[in-house]
Amino acid sequence: MHFIAEIVEDDLRTGKNGARLQTRFPPEPNGYLHIGHAKAIWINFTIAARAPFGACNLRLDDTNPATEEDRFVRSIQEDIRWLGYDVGKRVFFASDYFERLYECAQTLVRKGLAYVDSQSPEEIRDKRGNFYTPGQDSPYRTRSVEENLDLLARMRNGEFEEGQAVLRAKIDMTHPNMNMRDPLIYRIRKAHHHRTGDAWCIYPMYDFAHPLSDAFEGVTHSLCSLEFENHRPLYDWFIEAVGGFDPVPRQIEFARLNVTHTVLSKRKLQELVQLEKVSGWDDPRMPTLAGMRRRGYLPQSILAFIERTGVAKRDNMVEIELLEHQIREDLNREANRTMAVIDPVKVTITNMAEGEKHTFSIPVHPEYPERGTREVTLERELYIEREDYLESPPKKWFRLAPGQEVRLRGACFIRAVEARRDERGKLVELLCTWDPESKGGGTPDGRKVRGTLHWISKTDAISCEVHLYDRLFSEPEPESEDRSFLECLNPDSLQIRAEALCDRSLAQSPEGAVFQFERLGYFCVDRTSTPGRPVFNRTIGLRDSWAKIAQS
RNA sequence: UCCGGCGUCGUCUAACGGCAGGACAAAGGACUUUGAAUCCUUGAAUCAUGGUUCGAAUCCAUGCGCCGGAACCA
């Protein structure tokens, strides 16, 4: 049980808030959700579920019309649903509260706790002071309630231009926490809002809108990331200053998720999209939920990963290996086996007659025989992976080499006899012999072969396209200061293999279907697939202990 | 120089004054019709110094280090 759960359990036990429990997930609709958001989503929904009638609201925090778009509102809802959370009717918008927030602002003015400042943005910034020196009061700080009320109404009516006036809270210009030095409440923005259109020309700031929106909704625990820790005194101040709320929400901060070999800043993700380093927000290399979905990640894997990384207050950098481990663990269970050859080389079995065919059935999943079997055909012409044959192999090479015998997965033993190459030396065909005694994959004499290869016969094969994805960044910490994250991009993060072959049975596979291509990894059907030509995305490769042996 | 937060194996995370544990990663081995999966084994940590205590990762003090904070962004 993490520290937030402990606080909440404690509140529940002591009957705080009448044992009510409510949280909220408040994204700004200015980009796609990524795996860092998944952490916030998971925390907020699992915490809410700790009480019988606990609930988590989705609140789109749309207080800045300049950056927000309706398409992001839609993608956010889609991604939350995909993760497995049903917000039902609990979808709210900060913009729905604009009128009520305005009334709160008037209340503050009447209480003498807010004033209209007519200084320029530059003056306001200069007079805020800095970490070491206190700020100075605005000359407009002492305006009367009546004047402030009038000015605020005229701000709303559009009588001022952007930058000519703002509404500020009257707190303390010498406060050591700079957030408390008369923070802005409203600024003028003559911009079109994606939901309220042109109804407003003043928009509330986050520090004002956020705590009050929580209070309006009856949120009891407002969970956010560490960078808002400095804002908590202000969060509490606005709720107290407006007054009359029950329950009074409590803000608790946790450390956001960081993962090696990727970036999780919205600005950087946006840059990758804009600079076309990736194909879009849902590029399978992106850490966005849309990208991970297209990549073939299962939502339960993402959630399990987040649960395993924990919730605490120290800064963290989770190794991507933990995510990859989780994906493999789930996909190993979920994905049925089939065979595909990504870089095919033709094999001719010279001692098998033209037209001769043998059929074998192989379990669809070795650990779950109840899932049934698949049929493969063995015949004179077939294909194996080019890299599975080596003319002069290193030690411990179990695959094909001159004179060496291997097993074709689920079928029989073959032995390499001759390699045919073109004028440039490229392998074009392998002549092999098979042992008819080895049908099924073993022989009466009980001799062992160490290597088993995946393969596909000429009649079973259809052409397909395979997208081999790897980590987007080759550096473990592309966000570290020493260079631009763009310089850390992995040039081989995508390899397109248009010559690949896969089993006929995959021709009509629906988008998102997942498979293990034996010995290669886990793959899913991309949305660009067509019935005649499937396109597969590699979600993650199998662990490859040969790669380590080969290295040494 | 100010304010806030945080320091436990390489990484993430437990411990609520009483044997520093787990997971990933790493190394070695067994098994294997996927060099997969599975199984076994091993190495690996309390930022430092003082104090309180029978006993401190935990409480106190001091120091050091790291992160965040000076948008009319969220």
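Values reported hereafter were calculated over all heavy atoms of this structure, with side chains retained and with hydrogens, waters and symmetry mates removed. Quick note on labels: first sequence line is chain A, next is B, and so on, each numbered from 1.
Put simply, OH on Tyr132(A) is 11 Å from P on C3(B), counting in whole angstrom units. Rounding to whole angstrom units, CG of residue Asp544(A) and P of U34(B) are separated by 15 Å. Put simply, NZ on Lys448(A) is 10 Å from C1' on U32(B), counting in whole angstrom units. Between the CG atom of Asp388(A) and the P atom of G35(B) there is a distance of 9 Å, rounded to whole Å. As a whole-Å value, the separation of Arg409(A) CZ from G35(B) C1' is 13 Å.
When the P atom is used for both C3(B) and U46(B), the distance is 31 Å, rounded to whole Å. Atom name C1', nucleotides G68(B) and G17(B): the rounded distance is 32 Å, in whole Å. Of the P atoms belonging to G7(B) and U58(B), the separation is 12 Å, rounded to the nearest Å. Comparing the same atom, C1', in A30(B) and in A14(B) gives a spacing of 31 Å after rounding to whole Å. Annotation: A25(B) and U11(B) have their P atoms spaced 16 Å apart (nearest Å). Only the C1' atoms considered, G43(B) is 8 Å distant from A27(B), to the nearest whole Å. A gap of 31 Å separates the C1' atoms of A23(B) and C64(B), to the nearest Å. Of the P atoms belonging to U62(B) and G22(B), the separation is 36 Å, rounded to the nearest Å.
Side chain of Asn316(A), nearest nucleotide from C72(B), U13(B), A36(B): U13(B). Ranking A25(B), A36(B), U34(B) by closeness to the Glu321(A) side chain, first place goes to A25(B). Residue Arg519(A) has its side chain nearest to G35(B) when only C6(B), G35(B), A74(B) are considered. The side chain of Arg337(A) lies closest to U34(B), out of U13(B), C3(B), U34(B). Listed candidates were A74(B), C72(B), C2(B). Nearest to the side chain of Glu28(A) is A74(B). Comparing A25(B), C12(B), C72(B) by their closest approach to the side chain of Glu319(A) singles out A25(B). When the nucleotides C6(B), A70(B), G35(B) are ranked by their closest atom to the side chain of Lys313(A), C6(B) comes out on top. Nearest nucleotide to the Val166(A) side chain, out of C2(B), C72(B), A74(B): C72(B). Distance from the side chain of Lys548(A) is smallest to A26(B) among A23(B), A74(B), A26(B). Nearest nucleotide to the Asn230(A) side chain, out of G7(B), G4(B), U32(B): G4(B).
Asp315(A) comes within 4.0 angstrom of the backbone, heavy atoms only, and of no base. When heavy atoms are screened at a 4.0 angstrom cut-off, Gly442(A) is found touching base atoms of the nucleic acid. Residue contacts shown for Asn332(A) are limited to sugar-phosphate atoms, with no base heavy atom under 4.0 Å away. Counting non-hydrogen atoms under 4.0 angstrom, Thr260(A) reaches nothing in the nucleic acid. Arg407(A) comes within contact range of at least one nucleobase, with a heavy-atom separation under 4.0 Å. At the heavy-atom level, Arg543(A) lies under 4.0 Å from the strands shown only through sugar-phosphate atoms. His231(A) comes within 4.0 angstrom of a base, heavy atoms only. Heavy atoms of Trp397(A) sit under 4.0 angstrom from at least one base atom. At a threshold of 4.0 angstrom between heavy atoms, the contacts of Thr338(A) with the nucleic acid are absent. Here Glu324(A) lies out of heavy-atom contact (under 4.0 Å) with every strand. Within 4.0 Å (heavy atoms only), Ile549(A) reaches at least one base atom of the nucleic acid. Nucleic acid contact class of Gln119(A) (heavy atoms, under 4.0 Å, all strands): base. Within the nucleic acid shown, Arg128(A) comes within 4.0 Å of sugar-phosphate atoms alone, with no base atom in reach, counting heavy atoms only. Pro366(A) comes within 4.0 angstrom of a nucleotide base, judged by non-hydrogen atoms across all strands.
Here CG of Asn130(A) is found 6.5 Å from CE of Met178(A). Values are rounded to the nearest 0.5 Å.
Summarising the base pairing, C59(B) is matched to G51(B) through a Watson-Crick or G-U wobble pair whose two defining distances lie under 3.5 Å. Across all strands shown, the partner of C2(B) is G69(B), judged by Watson-Crick or G-U wobble contacts whose two distances both fall under 3.5 Å. Base pairing analysis places C64(B) opposite G7(B); the two distances defining the Watson-Crick or G-U wobble pair are each below 3.5 Å. Under the Watson-Crick or G-U wobble criterion, with both distances below 3.5 Å, A26(B) is paired with U42(B).
Only one option out of Asn179(A), Asp214(A), Asp207(A) pairs with Tyr235(A) in a side-chain hydrogen bond (donor to acceptor under 3.5 Å, both in side chains); it is Asp214(A).
For the pair Arg59(A) and Phe25(A), the cation does not sit on the ring face, since its NZ or CZ is not both under 6.0 Å from the ring centre and inside 45° of the axis. Cation-pi contact between Arg156(A) and Tyr102(A): present, with separation from the ring centre below 6.0 Å and deviation from the ring axis of at most 45°.
The aromatic rings of His231(A) and Phe228(A) sit perpendicular to each other, their planes meeting at more than 60°, with 30° as the lower class boundary. The aromatic rings of Phe485(A) and Phe473(A) are tilted relative to each other, their planes meeting at an angle between 30° and 60°.
For a distance-only test at 3.5 Å, the side chain of Gln516(A) qualifies as a donor-acceptor partner of the base of U34(B). For Glu6(A) against C16(B), a side-chain-to-base donor-acceptor contact under 3.5 Å is present. Remark: the Arg314(A) side chain and the U13(B) base include no donor-acceptor N/O pair separated by less than 3.5 Å. Side-chain atoms of Arg399(A) and base atoms of G35(B) include a donor and an acceptor less than 3.5 Å apart.
Using a 4.0 Å cut-off between charged side-chain N and carboxylate O, Glu385(A) and Arg519(A) make no salt bridge.
Put simply, His325(A) has a side-chain N or O that comes within less than 4.0 Å of OP1 or OP2 on C24(B). Between Arg187(A) and A74(B), a side-chain N or O to OP1/OP2 separation shorter than 4.0 Å is present. At A36(B), one or more side-chain N or O atoms of Ser545(A) fall inside 4.0 Å of OP1 or OP2 (strictly under the cut-off). For C73(B), one of the phosphate oxygens OP1 or OP2 lies less than 4.0 angstrom from a side-chain nitrogen or oxygen of Arg189(A).
Phe305(A) is listed as a side-chain neighbour of Leu257(A), based on a closest heavy-atom distance under 4.5 Å.
Taking the six-membered ring where the residue is Trp, the centroids of Phe208(A) and Phe238(A) are separated by under 6.0 Å.
With sequence neighbours left out, Arg125(A) forms a salt bridge (Lys or Arg N to Asp or Glu O under 4.0 Å) with no residue at all.
Base orientation at A71(B) is syn, since its O4'-C1' glycosidic dihedral falls within 90° of 0.
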